[in-house]
Peer 1: 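Dropping the structure in here first, questions after.
In what follows, chains are A, B, ... by sequence order, proteins preceding strands, each numbered from 1.
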Amino acid sequence: MTCGTLRHENIGEEVVLRGWVNRRRDLGGVIFIDLRDRYGLTQIVFNPEIAPAVHEAASGVRAEYVLAVRGIVRERPEGTRNPKLATGDIEVEAHGLQVLNEAQTPPFEITQTADIDESVRLRHRYLDLRRKRLQENMVLRHAIVRAMREHLSDRGFIEVETPTLIKSTPEGARDFLVPSSSFAGNFYALPQSPQQMKQLLMVAGLDRYFQIARCFRDEPQRADRQPEFTQLDIEMSFVQESDLMRLMEDLYLELTERYSNKRIMTTPFPRLTYREAMDRFGNDRPDLRFGLELKDVSDAFLQTQFQAFAQTLATGGQVKAIVVPGCAGFSRREIDELTEVTKRAGARGLATFAVEASQTRSPIAKFLSEDEIAAMTSGISAQPGDMVMAVADEPAVVARALSALRDNLGQRLNLADPDVLAYCWVYEFPLLEWKNEESRWDATHNPFSGFLEEDAHFLESDPGRVRAKQYDLVGNGHELGGGSIRNHRRVDQQRVFTLMGYTAEDTNVRFGALLEALDYGAPPHGGIAMGIDRYVMVMANEDTIREVIAFPKNQRGLDLMFEAPDSVGLDQLGDLGISIEPELRVQLWNTERQ
RNA sequence: GGAGGCGUGGUGUAGUGGCCUAACAUGCAGCCCUGUCAAGGCUGAGAUCGCGGGUUCGAAUCCCGUCGCUUCCGCCA
């Protein structure tokens, strides 16, 4: 029996309910207590004329006490029913009360819905988890993960667990290292993902694998990044990009339909090449719920006398613009704020043009000819009443600045409908990118991604041009997951490693097991890894993944409840052969616990 | 590593140079109250305004530094 089950038809039954005191209303005579558990609220009545001793006991009860109440389900008197409660037609007339535990006044109100300082919430996460918001998020997360398991199991996938103690591979994110007393001086690493393991499962012939996999990356936190997070990890043999996309599309359609009230914007999910996404949105994970696309207006200024534009164009830069419909009347303050947004993203400035029927007003109008301005506005079909906002710089900066501007405008103008989920695929990412600091090519995604056969001849001559068989699923501007078709022949994999500057010795040390396995009849295979935390966050309309993780760490990666990480004793360190530099012997925690 | 925002009773906020002896709501404590459900009424406790320094006759308020939280960039194969 729970606090959410009793209804009209239970009237007259004797029941026992257990739960927490949500609220107590002591009217002097009769006392009402709303008893709460995961399933709901039930009003308990303590009537001094029916059970005086029980009533007396109830007057000492406080919020969050844990009670067991024995009583009889009664119909509520006419006019006192509560339509806001599922159990609002009835109440339980208490005949017995047992206080299972008392409770201190909590540091924040369990029933409060307003935002509470997150540090306080994290320090007492078990109380935060008592609140409706997080309980609903946990239930949603469970339902989604369960549906993922069922969906894939029904299609012949098997769930395989892979180890958490593995070998460090210094590529990509920083590893969390784990020492062991058996091998003092050597370290395991926690997996950044089960990437190599799942590929080896394909070599093994377990052609459809999935796992709800915990991944660890020792990198700075973000609203959607935690040092440990969970992925739906998938790998399949004998497939192409489109097979993976279709599989995930089916799954995410089902999840969205079953577990949210959101309308899917477009099905099948639009597919954008990386190039197209960058051109149109300046971003490889565009929020497609609204337009405000980027337009290249460089052509209008090829002959311009305006130095800022002319010089940018002469040095391989570009001028791109966003047309903001109906916003010619942006205030000075709004324009300043938007300029600040683009500046923070690296732009030197933001050129604005308020298009009016008779003229176009702009702070830089005096530097430009009327023809240039007209060529620009007509080229992008700006109408009277529109605001045109432009950035001139090298392409990467333009993309970053206008993408930030676009997101800000979307928010500011309420263009992103929270009831819509706009999925899309972004594919054909570049295989490699040039790392200036290291003076070498590096994988943009993971080093095992295959490349398009038609681009293979560029591999040595123009590596930046080679497109990978790689795809990301994007939803409402969040990267929900990504994957690729892998190199299943050693020679191809070796070719990529060589480009990345690894010697045969390097690759043998780092990826020896995988490379060797490719020599033993590795089938063509590919896969994808979907971020579960991020997806649940989107489905739950939360702004951070901390709201969908039971015990998250804060932005610095600290666990405020358990107070981790923490120093350890010298004896423990001694077993591991580890000594700590004196300047690092700092006390992280000085909380006084009761 | 860099940039922005925030920091005032337990919680959420107001106060942006003197009217602050710091306000409001909620929570908490006590009293009153027999049909409430965000119960109501009365009374009360509770903050040296993150910390340190400075400017000023005077600082929650301005300046500098510092710490914490948070968002973003870098980073995240």
Side-chain angles (χ1 to χ4, degrees), chain A residues 22-34 41-50 55 62-64 74 76-85 87-88 91 93 104-124 127 169-175 192-193 195-196 215-227 229 337 340-341 343-347 397 400-401 403-404 407-408 429 431-433 435 437 441-449 468 470 479 482 484 496-497 500 510-511 529 531 543-544 546 554-556 558 560 590:
Chain A
N22 196 60
R23 265 209 171 80
R24 191 180 67 106
R25 292 178 293 278
D26 186 343
L27 304 218
V30 69
I31 297 172
F32 298 98
I33 284 177
D34 294 333
L41 291 177
T42 298
Q43 175 166 282
I44 316 291
V45 198
F46 296 86
N47 192 321
E49 286 160 14
I50 290 172
H55 173 269
R62 293 293 180 271
E64 300 307 317
R74 298 291 188 203
R76 291 210 194 177
E78 200 59 47
T80 67
R81 300 197 181 122
N82 186 347
K84 283 182 275 183
L85 282 185
T87 60
E91 60 195 7
E93 179 185 275
Q104 287 201 348
T105 302
F108 52 87
E109 292 155 65
I110 308 299
T111 53
Q112 187 175 337
T113 48
D115 285 341
I116 296 157
D117 182 81
E118 207 177 345
S119 301
V120 179
R121 296 174 56 199
L122 289 173
R123 196 163 290 125
H124 303 274
L127 294 178
T169 55
E171 291 67 37
R174 271 184 294 274
D175 284 326
Q192 297 177 25
S193 83
Q195 181 64 33
Q196 294 189 63
C215 306
F216 305 87
R217 294 179 190 174
D218 185 8
E219 293 289 345
Q221 315 310 308
R222 288 285 189 282
D224 60 359
R225 275 166 29 192
Q226 282 270 298
F229 60 100
E337 286 170 1
E340 192 52 39
V341 167
K343 280 189 172 166
R344 272 209 295 275
V397 174
R400 185 151 24 97
S403 168
D407 287 341
N408 189 287
F429 284 81
L431 180 71
L432 299 161
E433 64 186 340
K435 291 254 171 174
E437 328 70 88
W441 292 95
D442 196 13
T444 57
H445 220 68
N446 83 45
F448 311 111
S449 293
Q470 190 180 291
E479 182 190 326
S484 64
V496 175
F497 280 148
M500 288 167 51
R510 293 172 182 186
F511 308 111
D543 289 328
T544 87
R546 298 187 295 274
N554 75 358
Q555 138 120 8
R556 285 173 71 203
L558 299 173
L560 296 181
N590 49 15

Peer 1: What distance, rounded to whole Å, do you find between the two P atoms, one in B:rC75 and one in B:rG17?
Peer 2: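 One P to the other, the span is 43 Å.
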Peer 1: Return the nucleotide paired to B:rC24: Watson-Crick means purine N1 to pyrimidine N3 with N6-O4 or O6-N4, wobble means G-U with N1-O2 and O6-N3, both under 3.5 Å.
Peer 2: B:rG12
Peer 1: When the C1' atoms of B:rC72 and B:rU55 are considered, how many whole Å apart are they?
Peer 2: 34 Å
Peer 1: Output one letter per nucleotide in nucleotides 35-50 of chain B: B when a protein non-hydrogen atom lies under 4.0 Å from the base, S when only the sugar-phosphate is that close, - when neither is.
Peer 2: BBBSB-----------
Peer 1: Using a 4.0 Å heavy-atom cut-off across all strands, classify A:Glu340 as base, sugar-phosphate, or nothing.
Peer 2: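 Result for A:Glu340 = nothing.
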Peer 1: Sequence neighbours excluded, which residues qualify as side-chain contact (heavy atoms from CB on, under 4.5 Å) partners of A:Ala223?
Peer 2: A:Thr544
Peer 1: Under the side chain to side chain donor-acceptor pair (under 3.5 Å) test, which residues partner A:Thr87, sequence neighbours left out?
Peer 2: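 Here no residue qualifies.
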Peer 1: Taking the side chain as C-beta and beyond, is there a heavy-atom pair between A:Leu560 and A:Ser119 under 4.5 Å?
Peer 2: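 The answer is yes, as the side chains (C-beta and beyond) meet within the 4.5 Å cut-off.
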Peer 1: Using the C1' atom as the point on both nucleotides, what is the distance between B:rG68 and B:rG27, in whole Å?
Peer 2: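 About 25 Å, rounded to a whole number of Å.
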Peer 1: Tell me which of A:Val120 and A:Glu219 sits closer to the 5' end of RNA chain B, going by the nucleotide each one is nearest to.
Peer 2: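 Result: A:Val120.
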Peer 1: What is the base-pairing partner of B:rA3, counting Watson-Crick and G-U wobble geometry with both distances under 3.5 Å?
Peer 2: B:rU71
Peer 1: By ring pair (Phe, Tyr, Trp, His ring centres under 6.0 Å), which residues pair with A:Phe497, not counting sequence neighbours?
Peer 2: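 A:Phe497 satisfies ring pair (Phe, Tyr, Trp, His ring centres under 6.0 Å) with A:Tyr502, A:Phe511 only.
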Peer 1: A:Pro447 near the nucleic acid: base, sugar-phosphate alone, or nothing, with a heavy-atom cut-off under 4.0 Å?
Peer 2: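 Base contact.
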Peer 1: For B:rA39 and B:rA23, measure between their P atoms and round to the nearest Å.
Peer 2: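 Roughly 26 Å separates the two P atoms.
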Peer 1: According to salt bridge (charged side-chain N to carboxylate O under 4.0 Å, His left out), who are the partners of A:Arg25, at least two apart in sequence or on a separate chain?
Peer 2: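 Per chain and number, A:Arg25 pairs via salt bridge (charged side-chain N to carboxylate O under 4.0 Å, His left out) with A:Asp34.
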Peer 1: Please report the distance, rounded to the nearest Å, between CD in A:Glu433 and C1' in B:rC76.
Peer 2: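 The answer, rounded to whole Å, is 11 Å.
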Peer 1: How far does the C1' atom of B:rU8 sit from the matching atom of B:rU43, given to the nearest Å?
Peer 2: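 Taking atom C1' in both B:rU8 and B:rU43, they lie 25 Å apart.
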Peer 1: Holding to side-chain contact (heavy atoms from CB on, under 4.5 Å), I want the full list of residues that pass it with A:Gln555, two or more places apart in sequence or in another chain.
Peer 2: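 By the side-chain contact (heavy atoms from CB on, under 4.5 Å) rule, A:Gln555 matches no residue at all.
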Peer 1: Which part of the nucleic acid, if any, lies within reach of A:Thr444 when heavy atoms closer than 4.0 Å are counted: base, sugar-phosphate only, or nothing?
Peer 2: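 Here A:Thr444 touches the backbone only, sparing every base.
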Peer 1: Can you find a donor-acceptor N/O pair under 3.5 angstrom joining the side chain of A:Gln112 to the base of B:rG27?
Peer 2: no
Peer 1: Does a side-chain N-to-carboxylate-O contact under 4.0 Å join A:Arg225 and A:Glu219?
Peer 2: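 Looking at A:Glu219 together with A:Arg225, the answer is no, because their closest N to O distance does not fall below 4.0 Å.
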Peer 1: How would you list, by chain and number, every residue that makes a salt bridge (charged side-chain N to carboxylate O under 4.0 Å, His left out) with A:Asp407, sequence neighbours excluded?
Peer 2: none
Peer 1: Who passes side chain to side chain donor-acceptor pair (under 3.5 Å) against A:Asp175, sequence neighbours left out?
Peer 2: A:Ser168, A:Gln192
Peer 1: In whole Å, I'd like the distance from the CD atom of A:Gln104 to the P atom of B:rG10.
Peer 2: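 Answer to the nearest Å: 15 Å.
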Peer 1: What string of B, S and - do you get for nucleotides 65-72 of chain B, 5' to 3', when a contact is any protein heavy atom under 4.0 Å?
Peer 2: ---SSSBS
Peer 1: Between A:Gln226 and A:Asp224 (side chain of the first, backbone of the second, donor and acceptor by atom type, cut-off under 3.5 Å), is there such a pair?
Peer 2: no
Peer 1: With both distances under 3.5 angstrom, what nucleotide forms a Watson-Crick or G-U wobble pair with B:rU61?
Peer 2: none
Peer 1: Can you tell me the pairing partner of B:rA39 across any strand shown, Watson-Crick or G-U wobble, with both distances under 3.5 angstrom?
Peer 2: none
